[in-house]
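Proteins get letters first, then strands, A, B, ... in listed order; numbering begins at 1 in each. Since we're looking at a predicted model, the values are computed, not measured.
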There are 2 protein chains.
Amino acid sequence: MENKIFRNFLGEKGLKPTKERIAVLSEVFSFHGHFEPEYLYLRIKNAGSKASRASVYRTLSLLVECGLVKKVTRTEKGNIYEHTYGHSHHDHMICDACGEIIEFYSEKLENLQDEICAENSFAGSTHTLEIRGHCKKCRTKQS
Amino acid sequence: MENKIFRNFLGEKGLKPTKERIAVLSEVFSFHGHFEPEYLYLRIKNAGSKASRASVYRTLSLLVECGLVKKVTRTEKGNIYEHTYGHSHHDHMICDACGEIIEFYSEKLENLQDEICAENSFAGSTHTLEIRGHCKKCRTKQS
DNA sequence: ACTGAAACTGAGATTGAATTGCAATTTAAC
DNA sequence: GTTAAATTGCAATTCAATCTCAGTTTCAGT
Ligand SMILES: [Mn+2]
Ligand SMILES: [Mn+2]
Ligand SMILES: [Zn+2]
Ligand SMILES: [Zn+2]
């Protein structure tokens, strides 16, 4: 479970499992979906725990480093994260008309990407594929 | 040609083809590859033209809006652009260590994405695939 | 050419996410 | 307990990007 993994990670680096770090960890895994650091900071505050913005940022970096959390994307506003432990990898299709997000996963696609990386002597670790267009609903509505 | 396209775009929006805007346009198309706004600003200066940072940023937005330039990605530092007019579609691998960007294109990959879209009744029009990891150079340097 | 209204510019101020310096505090090994 | 190392929060700082605005340029209409 994520708590164990994080404490282990900290131990190996000579870092300490402080209340603040654990509060961030707990809050990150208390809900599903994407979030910004500021949103997380407010949730922690609201949950009665305490952790400064600085600690939230610092702990998020640690969580990413140990693989429990992933930086999903960078928007004009800032970074967006999601916890990944317990969730499997997927990519997204986003409808330009209604904003619907379709998640998908293709083994073939993943393998093909690995092949392409190898051809380029590149050690790929993560990727983001975002397909934009129009969903079925919006397409039929149009005609 | 890009000059014509940009002037047309400006005309339709009631905007004017000022020296500064044309200087930015020219510089963007004077070389191939990816660039940051600051780098473009310095190139323009060095080329003997004049355009403030503000104008460079403002003009870049216009160039993106009219489709001649594309925002490739956002790094911790800032945005990276490339001119697209005259270039065919490709995706990117980005080295997390040195920032090098490798361009690639795979017909198979494109077809596979079309298949997946079809399976999801989604009419895909564009996509962005960004693979992150470590390039050959940085990997050998490490060990 | 001249004129005026609208568009445009650059310099500096401002924004805001993210990082950092540092003195006070907490942790945990001994 | 004692003590060294790690950690915290706050405020200061960074830095790309945006904005403000007074002076300048553009160009359609005459
Ligand atoms: Mn994928
Ligand atoms: Mn490219
Ligand atoms: Zn839709
Ligand atoms: Zn590299």
Side-chain angles (χ1 to χ4, degrees), chain A residues 3 6-28 34-45 48-66 69-81, chain B residues 3 6-28 34-66 69-81 96 99:
Chain A
N3 209 292
F6 192 41
R7 282 169 187 276
N8 230 57
F9 169 81
L10 291 175
E12 282 172 8
K13 296 203 78 175
L15 304 178
K16 296 170 181 175
T18 61
K19 321 177 201 31
E20 289 81 1
R21 283 176 180 156
I22 300 304
V24 172
L25 173 72
S26 303
E27 202 55 37
V28 163
H34 302 154
F35 63 89
E36 297 161 37
E38 178 68 14
Y39 173 72
L40 186 63
Y41 166 71
L42 293 175
R43 273 188 69 110
I44 290 168
K45 212 172 189 176
S49 308
K50 76 170 191 55
S52 66
R53 257 174 268 261
S55 286
V56 169
Y57 277 104
R58 288 189 279 231
T59 305
L60 268 177
S61 293
L62 290 174
L63 289 171
V64 169
E65 194 185 336
C66 89
V69 168
K70 177 182 156 194
K71 192 179 286 185
V72 175
T73 191
R74 291 184 186 80
T75 68
E76 9 349 291
K77 301 262 168 70
N79 294 329
I80 292 184
Y81 297 85
Chain B
N3 210 293
F6 191 41
R7 283 170 186 276
N8 231 55
F9 169 81
L10 291 175
E12 281 173 10
K13 296 203 77 174
L15 305 178
K16 295 170 181 175
T18 61
K19 319 177 202 28
E20 289 82 1
R21 284 177 179 156
I22 299 306
V24 172
L25 174 71
S26 303
E27 203 56 37
V28 163
H34 305 122
F35 62 89
E36 298 162 37
E38 178 68 15
Y39 172 72
L40 186 64
Y41 166 72
L42 293 175
R43 274 187 69 109
I44 290 168
K45 211 172 188 175
N46 200 56
S49 308
K50 79 174 190 55
S52 65
R53 257 174 267 261
S55 286
V56 169
Y57 278 103
R58 288 189 281 231
T59 304
L60 268 177
S61 294
L62 290 173
L63 288 171
V64 169
E65 195 186 334
C66 88
V69 169
K70 179 180 155 193
K71 192 179 287 185
V72 175
T73 190
R74 246 177 261 284
T75 68
E76 356 7 278
K77 302 260 169 71
N79 293 329
I80 293 182
Y81 296 85
D96 284 328

Whole angstroms only, please: what is the [atom1]-[atom2] distance between [X] and [N]?
{"X": "B:L60", "N": "D:dA16", "atom1": "CG", "atom2": "P", "value": "15 Å"}
{"X": "A:F35", "N": "C:dA17", "atom1": "CZ", "atom2": "P", "value": "16 Å"}
{"X": "B:I22", "N": "C:dT9", "atom1": "CD1", "atom2": "P", "value": "10 Å"}
{"X": "A:F9", "N": "D:dA6", "atom1": "CZ", "atom2": "P", "value": "15 Å"}
{"X": "B:K13", "N": "C:dC8", "atom1": "NZ", "atom2": "P", "value": "10 Å"}
{"X": "B:L10", "N": "D:dA28", "atom1": "CG", "atom2": "P", "value": "14 Å"}
{"X": "B:R53", "N": "C:dA13", "atom1": "CZ", "atom2": "C1'", "value": "15 Å"}
{"X": "A:E36", "N": "C:dA18", "atom1": "CD", "atom2": "P", "value": "8 Å"}

Does [N] have its OP1 or OP2 closer than 4.0 Å to a side-chain nitrogen or oxygen of [X]?
{"X": "A:K50", "N": "D:dG9", "result": "yes"}
{"X": "A:N79", "N": "C:dA18", "result": "yes"}
{"X": "A:K19", "N": "C:dT27", "result": "yes"}
{"X": "A:Y57", "N": "C:dA18", "result": "yes"}

Taking the nucleotide of DNA chain C with the nearest heavy atom to each, does B:Y41 or A:P37 sit closer to the 5' end?
B:Y41
Just by distance, no angles: are the side chains of B:R43 and B:Y39 close enough, under 3.5 Å, to form a donor-acceptor pair?
yes
Looking at the side chain of [X], which of [options] is the nearest nucleotide?
{"X": "A:R21", "options": "D:dT8, D:dG9, C:dA11", "value": "D:dT8"}
{"X": "A:R58", "options": "C:dA18, D:dC10, C:dT27", "value": "D:dC10"}
{"X": "B:A54", "options": "C:dA18, D:dG9, C:dG10", "value": "C:dG10"}
{"X": "A:T18", "options": "C:dT9, D:dT8, D:dT25", "value": "D:dT8"}

Of A:I44, A:L25, A:V64, A:V24, the one forming a side-chain contact (heavy atoms from CB on, under 4.5 Å) with A:T59 is A:V24
Using the rule salt bridge (Lys or Arg N to Asp or Glu O under 4.0 Å), only one of B:K45, B:R58, B:R53, B:K50 pairs with B:E20; which is it?
B:K50
D:dT7 base / A:K16 side chain donor-acceptor hit below 3.5 Å:
no
side-chain contact (heavy atoms from CB on, under 4.5 Å) between A:E38 and A:V56: does it pass, once the steps are laid out?
CA-CA 9 Å; A:E38 178 68 14; A:V56 169; over 6 Å; no
Assert: residue with more 5' nearest nucleotide on DNA chain D, out of B:E76 and B:P17, is B:E76
Inter-residue atom distance B:S26.OG - B:R21.CZ, 0.5 Å rounding:
14.0 Å
